[in-house]
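The next block holds one structure in the form of structure tokens; read it before the comments.
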Amino acid sequence: MTLVSGATWRKSRRCESAACVEIAALPAAVGVRNSTRPQTSVVVSTEAFRAFIAGVKQGEFDLN
């Protein structure tokens, strides 16, 4: 289990509301949470997060 207590969470500078996704860099992992529900988070490997970001940039998740 990866501990996220004490992690430094950050939101995108493009977030314009209180309801945003936040991420935290953890040892060999990335924490992801909803800013409106900070008590709950998901931890994924750094590799999985990089693959997700690459997919976003390539439009893999665009709604057509």
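We're numbering straight along the sequence, starting at 1.
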Are V43 and W9 joined in one hydrophobic group, where the rule is that I, L, V, M, F, W and Y side chains link up if heavy atoms are under 4.5 Å apart?
-> yes
Take T40 and N34, measure what side chain to side chain contact (heavy atoms under 4.5 Å, CB included) needs, and give me the verdict at the end.
-> CA-CA 8 Å; T40 305; N34 181 332; over 6 Å; no
What residues, two or more places apart in sequence or in another chain, satisfy side chain to side chain contact (heavy atoms under 4.5 Å, CB included) together with A19?
->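 Side chain to side chain contact (heavy atoms under 4.5 Å, CB included) list for A19, sorted by chain: S17, T36.
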Where do A7 and L26 come nearest, in terms of heavy atoms and distance?
->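 Closest pair (atom of A7, atom of L26, distance): CB-CD2, 3.9 Å.
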Specify the closest pair of heavy atoms between P38 and R33, including all atoms of both residues, with the distance to one decimal.
->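 For P38 versus R33, the nearest heavy atoms are O-NH1, 3.4 Å.
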Which pairs count as ring pair (Phe, Tyr, Trp, His ring centres under 6.0 Å) when at least one residue sits in residues 27-59, sequence neighbours excluded?
-> F52-F61
Any donor and acceptor pair, going by atom type alone, linking the side chain of S45 with main-chain N or O of A29 inside 3.5 Å?
->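 No.
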